[in-house]
Amino acid sequence: MNNFDIDTVMAELEKHFTQVRTPVVDQIQIQTKDPFKVLVTTILSARTKDETTSQAAKKLFEKVKNIDDLEKISAEELDSIIHQVGFHNAKTKYLKQLPSVLKEKFGGKIPSEIDELLQLPGVGRKTANLVRAIAFSLPAICVDVHVHRICNRWGYVQTKTPYETEMELRKILPERYWLTFNSYVVAFGQNLCTPRKPKCNQCPIYNQCARIGVKE
DNA sequence: AAAACGGGGGC
DNA sequence: GCCCCAGTTTT
């Protein structure tokens with residue numbers, strides 16, 4: 001039934017989903033690993049499509065390249081640039097608060113620890129972990145809805161909340177997979193292992209999966 | 001624990 | 001038109 005083996009699963013995910021899609025921050029990362037840009041992009045990306053986030057971020061970075069630029073830009077202009085991302089009213093507010101919080105608490109530098117990142121406006125656990133992983137190449141497990149759903153579906157964890165999933169994965173997921181896990185699982189979750197009607201008949205790891213909660 | 005925030009894309 | 005969505009904050 002459930003022959004779940006994380007090495008087999010990761011090998012299959014690498015084989016099938018490396019090229020499919022990467023998080024928007026990875027697209028930005030091609031150009032820079034600048035923690036400021038990674039942080040801003042990641043805040044903008046919350047529950048927003050990558051393509052939309054990417055367009056807004058690129059436009060924004062033409063005018064705003066660092067904390068000082070962000071401090072100077074007016075809320076109106078900022079909003080006009082990022083209006084196409086979802087929740088832009090809240091995100092405009094967060095970005096306007098960001099420079100003062102960074103300067104007062106962290107000496108104007110982007111912090112790399114989770115507890116520090118969580119003090120920034122608009123940054124929750126998912127964003128904090130993603131910034132830590134992408135901008136600083138430090139161990140982090142980024143749990144979004146895909147990771148939470150799929151790890152439970154596999155039977156790899158049995159958890160109620162994304163936070164519990166993160167804590168459990170910290171214990172059982174080999175650290176060599178931490179940086180890539182989210183990208184692969186998200187690509188897998190978008191293309192095959194969708195919330196409803198997953199394409200189990202096409203799944204390369206069908207025999208690894210407990211299919212908990214899957215209606216076929 | 002539940003509601004609120006929001007525009008974009010698939011069908 | 002309707003349904004879904006790579007979260008975080010506020011009530």
Side-chain angles (χ1 to χ4, degrees), chain A residues 13 17-30 37-60 75-76 78-98 100-102 110-111 114-135 140-153 159-167 169 173 177-199 213-215:
Chain A
L13 292 188
F17 295 102
T18 301
Q19 312 269 13
V20 177
R21 202 173 179 204
T22 57
V24 63
V25 286
D26 281 354
Q27 298 176 17
I28 302 299
Q29 185 189 6
I30 293 169
K37 292 186 177 178
V38 174
L39 174 63
V40 169
T41 305
T42 310
I43 290 173
L44 289 179
S45 75
R47 272 185 80 75
T48 299
K49 294 281 188 287
D50 269 11
E51 182 57 30
T52 307
T53 308
S54 186
Q55 288 174 10
K58 281 175 187 163
K59 202 186 301 178
L60 178 62
E76 290 73 22
L78 180 58
D79 193 73
S80 74
I81 293 172
I82 68 166
H83 77 276
Q84 67 186 125
V85 304
F87 311 115
H88 60 273
N89 287 330
K91 289 170 182 175
T92 298
K93 187 177 75 178
Y94 301 149
L95 292 183
K96 284 307 292 176
Q97 292 172 195
L98 199 51
S100 61
V101 177
L102 286 170
I110 315 294
I114 302 298
D115 289 345
E116 298 172 322
L117 287 162
L118 286 175
Q119 298 175 42
L120 304 178
V123 176
R125 292 206 69 85
K126 182 255 177 183
T127 302
N129 276 295
L130 200 50
V131 170
R132 179 172 164 83
I134 300 297
I141 297 178
C142 181
V143 176
D144 49 50
V145 290
H146 288 295
V147 171
H148 179 61
R149 176 186 71 255
I150 290 170
C151 286
N152 277 283
R153 187 172 278 175
T159 55
K160 265 192 66 184
T161 66
Y163 178 74
E164 291 174 44
T165 302
E166 183 189 330
M167 292 303 113
L169 289 177
L173 180 67
Y177 297 135
W178 286 18
L179 286 175
T180 54
F181 190 71
N182 177 263
S183 294
Y184 291 139
V185 174
V186 167
F188 176 61
Q190 281 193 321
N191 292 280
L192 228 56
C193 198
T194 48
R196 284 159 299 285
K197 300 187 179 176
K199 302 179 179 70
V214 177
K215 299 175 210 146

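All figures in this text were calculated on a predicted structure; none of them were measured in a lab. Values below: all heavy atoms of this structure, side chains included; hydrogens, waters and symmetry mates excluded. Note on naming: letters A, B, ... go to the chains in the order of the sequence lines (proteins, then strands), and numbering restarts at 1 for each one.
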message: For a stem of at least 3 consecutive Watson-Crick or G-U pairs with distances under 3.5 Å, i pairing with j, i+1 with j-1 and so on, which stems involve DNA chain B?
response: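 So far as stems of 3 or more pairs are concerned, DNA chain B shows B:1-5 with C:7-11, B:7-11 with C:1-5.
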- prompt: Using the P atom in both, what is the distance from C:dT11 to B:dG6, to the nearest Å?
  reply: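 About 14 Å, rounded to a whole number of Å.
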C:dT9 to B:dG8 separation - C1' atoms, rounded to the nearest Å: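 Result for the C1' pair: 22 Å, nearest Å.
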Pairing residues for A:T180 by the side-chain contact (heavy atoms from CB on, under 4.5 Å) criterion, not counting sequence neighbours: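 Partners of A:T180 under the side-chain contact (heavy atoms from CB on, under 4.5 Å) test: A:M10, A:Y184.
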message: Can you list everything that forms a side-chain contact (heavy atoms from CB on, under 4.5 Å) with A:P121? Sequence neighbours excluded, please.
response: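 side-chain contact (heavy atoms from CB on, under 4.5 Å) list for A:P121, sorted by chain: A:Y94, A:Q97, A:L98, A:V101.
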List, with names and distances, any nitrogen or oxygen atoms from the protein found under 3.5 Å away from nitrogen or oxygen atoms belonging to nucleotides 1-4 of chain C.
{"residue": "C:dC4", "atom": "O3'", "partner": "A:R196", "partner atom": "NH2", "Å": "2.7"}

Donor-acceptor contact present, side-chain A:T42 to main-chain A:V40, <3.5 Å: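 No, A:T42 side chain to A:V40 backbone: no donor-acceptor pair under 3.5 Å.
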- prompt: Would you say A:F17 and A:L192 make side-chain contact, with heavy atoms under 4.5 Å?
  reply: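 Answer yes - side chains close enough.
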query: Got A:C142 and A:R125 here, is their nearest side-chain heavy-atom distance under 4.5 Å?
result: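 Of all side-chain heavy-atom pairs linking A:R125 with A:C142, none is under 4.5 Å.
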Taking side-chain hydrogen bond (donor to acceptor under 3.5 Å, both in side chains) as the test, write out the residues that go with [X], two or more places apart.
X: A:T92; value: A:D79
X: A:K126; value: none
X: A:Q55; value: A:E51, A:Q84
X: A:T165; value: A:H148, A:T159

Rounded to the nearest 0.5 Å, what separation is found between the [atom1] atom of [X] and the [atom2] atom of [Y]?
X: A:M167; Y: A:I141; atom1: CE; atom2: CD1; answer: 8.0 Å
X: A:T52; Y: A:L44; atom1: OG1; atom2: CG; answer: 11.0 Å
X: A:I43; Y: A:T53; atom1: CD1; atom2: OG1; answer: 12.0 Å
X: A:E164; Y: A:N152; atom1: CD; atom2: CG; answer: 9.0 Å

In whole Å, what is the span from the [atom1] atom of [X] to the [atom2] atom of [N]?
X: A:L117; N: C:dT8; atom1: CG; atom2: C1'; answer: 15 Å
X: A:D144; N: C:dA6; atom1: CG; atom2: P; answer: 7 Å
X: A:I43; N: C:dA6; atom1: CD1; atom2: C1'; answer: 15 Å
X: A:Q119; N: C:dT9; atom1: CD; atom2: C1'; answer: 16 Å
X: A:D50; N: C:dG7; atom1: CG; atom2: P; answer: 10 Å
X: A:L120; N: C:dG7; atom1: CG; atom2: P; answer: 19 Å

- request: For A:R149, check salt bridge (charged side-chain N to carboxylate O under 4.0 Å, His left out) against everything at least two apart and list the hits.
  value: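 Checked A:R149 against salt bridge (charged side-chain N to carboxylate O under 4.0 Å, His left out); zero matches.
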task: List the steps, then state whether side chain to side chain donor-acceptor pair (under 3.5 Å) holds for A:K49 with A:S54.
output: CA-CA 9 Å; A:K49 294 281 188 287; A:S54 186; over 6 Å; no
query: Which pair of heavy atoms, one from A:F181 and one from A:L169, lies closest together, and at what distance?
result: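 Scanning both residues, the minimum pair turns out to be CE2-CD1, 4.0 Å.
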- prompt: Going 5' to 3' along DNA chain B, which nucleotides are the first and last within contact of chain A (any atom under 4.0 Å from a heavy atom)?
  reply: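 The contact span of chain A on DNA chain B goes from B:dC5 to B:dG8.
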- prompt: Across the strands shown, which category fits A:V147 at heavy-atom distances under 4.0 angstrom: base, sugar-phosphate, nothing?
  reply: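 It contacts nothing in the nucleic acid.
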message: Quick check on contacts: within residues 121-129 of chain A, what sits under 4.0 Å from DNA chain B by heavy-atom distance?
response: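 Nucleic-acid contacts, sorted: none.
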task: Return the residues of residues 81-96 of chain A meeting this criterion: a heavy atom under 4.0 Å from some atom of DNA chain B. Order them by number, or give none.
output: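 Those residues whose heavy atoms fall under 4.0 Å from DNA chain B, taken from residues 81-96 of chain A in numerical order, are A:H83, A:Q84, A:G86, A:F87, A:H88, A:N89, A:A90.
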